[in-house]
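Here's the structure, in structure tokens; my notes come after.
Counting from 1, the numbers follow the sequence of the chain as shown. Every number for a ligand or one of its atoms is a count from 1 in the order of the listing. As the structure is a computational prediction, the values presented were derived from the model and not from experiment. No hydrogens, no waters, no symmetry mates; every other heavy atom, side chains included, goes into these values.
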Amino acid sequence: MDIRLEKIGYTYGKGTPFEHTALHDVSLHIPYGRYIAIIGHTGSGKSTLIQLLNGLLQPTEGKMQVGNFVLPVKKQKGLEKLRQQVGLSFQYPEYQLFEESVSKDVAFGLKNMGVPQEMIASRVREALELVGLDIEEYGEKSPFALSGGQMRRVALAGVLVMKPKILILDEPTAGLDPAGHRMILDVIDRVHQEEKRTTILVTHSMEDAARYADYLYVMNEGTIWMEGTPGEVFRDPQRIRQAGLDLPEVTDFILKFNERIGRRRENMEPLPLDIFETGKLIDELARRVRKGVGKA
Ligand SMILES: Nc1ncnc2c1ncn2[C@@H]1O[C@H](COP(=O)(O)OP(=O)(O)OP(=O)(O)O)[C@@H](O)[C@H]1O
Ligand SMILES: [Mg+2]
């Protein structure tokens, strides 16, 4: 289920005084099974782009294809099927929750698809467990009586429970504490590794993009500004900064370190730019120290 966009544009309120072009000339091809991250400063078009992918918004320019679905379509009818296969967890989870209890909320999509009741119950339990919520404790609670972080977990469970072929997450960890943040991203990563479906993560964290995704799109003012593997994208700090973004901390360290050893002309190999985790950086530095100071 590949995703292809060809010169896609999207204008909000077309033909009204509030007309605003949020995307223009966006072309991309995402082969099935990738873990993609979309990064970009606020207002760069990330949420607009992903809402096109499940047919919630329809392109106002260009053509796109998600699996066998070609968009734009004239009738909304076929779009339900698309939405069953492309699960979208919204940036603001409160927009997504509406049932009277957590269990009912998570079950909603499955029920709509006509999944048998017994199967629904076990899948809801499993999905809530995945996001770290105990069904006994939370199942009967109103989703609106939960904290922001808990709401986010429920909304995410409601998407995971559908086992979509393409899982799209718009800042899934906003409002979570560091432990919750890590836990949710690790769950998403585990599901991705196990199921090998497509995962698309929208994030403001350069660290998360670099750590989890195998391919990045950098958005800037409604276009794709850069794309490539994390190692390719983050080796161009100037272009990243022009898009109003920072480098991952580890990359910033490596670039400064390499510049410093370069200037002193010491017999030292530069550190590779495809390390994004502090632990791995420490391993690499320790390895060099053990081998003899500085030699790679
Ligand atoms: N419903 C709307 N009506 C009109 N303009 C909109 C609407 N939603 C978004 N926009 C505008 O479209 C542009 C892109 O918005 P979008 O929400 O896609 O950005 P984003 O990259 O997701 O930002 P953020 O990081 O803040 O979530 C912005 O300029 C925004 O003001
Ligand atoms: Mg957004």
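Within the structure, ligand 1 has Gly45 among the residues with a heavy atom less than 4.0 angstrom away. Heavy-atom distances between Ser44 and ligand 1 reach below 4.0 Å in at least one pair. Under the 4.0 angstrom criterion for non-hydrogen atoms, Gln51 is not in contact with ligand 1.
Between the side chain of Ser147 and the backbone N or O of Gln150, at least one donor-acceptor pair lies under 3.5 Å. With hydrogens and angles ignored, the 3.5 Å screen pairs no side-chain donor or acceptor of Arg260 with any backbone N or O of Lys256.
Counting heavy atoms closer than 4.0 Å to ligand 1, residue Met219 contributes nothing at all.
Residue Ser47: an N/O/S atom is found under 2.8 Å from the Mg ion (ligand 2). Taking 2.8 Å as the threshold, Thr42 does not count as a candidate ligand of the Mg ion (ligand 2), since none of its N, O or S atoms lies below it.
Counting only heavy atoms from C-beta outward, the side chains of Ile3 and Ile200 approach each other to under 4.5 Å.
Protein heavy atom at the shortest distance from atom 26 (O) of ligand 1 is Thr42 OG1, 2.5 Å. Nearest non-hydrogen protein atom to atom 17 (O) of ligand 1 is Ser47 CB, 3.8 Å. If you check which protein heavy atom lies closest to atom 27 (O) of ligand 1, you get Gln91 NE2, 2.8 Å. Ranking protein heavy atoms by distance to atom 25 (O) of ligand 1, first place goes to Lys46 NZ, 2.7 Å.
Inspection of the His24 and Glu61 side chains reveals no N or O donor paired with an N or O acceptor under 3.5 Å.
Within a 4.0 Å radius of atom 15 (O) of ligand 1, the protein has at least one heavy atom.
The aromatic rings of Tyr10 and Tyr12 stand perpendicular to each other, their planes meeting at an angle above 60°, with 30° marking the opposite boundary.
Salt-bridge annotation for Arg125 and Glu129: absent, with no side-chain N of the basic residue lying under 4.0 Å from a carboxylate O of the acidic one. Under a 4.0 Å N-O distance rule, the pair Glu126/Arg123 does not qualify as a salt bridge.
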Q.
side-chain contact (heavy atoms from CB on, under 4.5 Å), that's the test. Do Leu146 and Leu97 meet it? Break it down for me.
A. CA-CA 11 Å; Leu146 301 177; Leu97 303 170; over 6 Å; no
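Atoms of ligand 1 found under 4.0 Å from any heavy atom of Thr48, numbered from 1 in the order shown, are 14 (C), 15 (O), 16 (P), 18 (O). Every atom of ligand 1 with a heavy atom of His204 under 4.0 Å away is listed here by number and element: 25 (O). Atoms of ligand 1 found under 4.0 Å from any heavy atom of His20 (numbered from 1 in listed order, with element): 11 (C), 12 (O), 13 (C), 28 (C), 29 (O). Each of the following atoms of ligand 1 lies closer than 4.0 Å to a heavy atom of Ala22: 12 (O), 13 (C), 14 (C).
Under the side-chain hydrogen bond (donor to acceptor under 3.5 Å, both in side chains) test applied with Tyr212, the options Asp189, Thr199, Thr203, Asp186 reduce to a single match, Asp186.
Between the choices Gly43, Gly40, Gly13, the shortest heavy-atom distance to atom 13 (C) of ligand 1 belongs to Gly43. If you check each of Tyr92, Tyr12, Tyr10 against atom 3 (N) of ligand 1, the one with the closest non-hydrogen atom is Tyr12.
With values rounded to the nearest 0.5 angstrom, Leu53 atom CG is found 11.0 Å from Thr48 atom OG1.
Cluster annotation: Phe90 and Leu169 are assigned to distinct hydrophobic clusters (Ile/Leu/Val/Met/Phe/Trp/Tyr, side-chain heavy-atom contacts under 4.5 Å, transitive).
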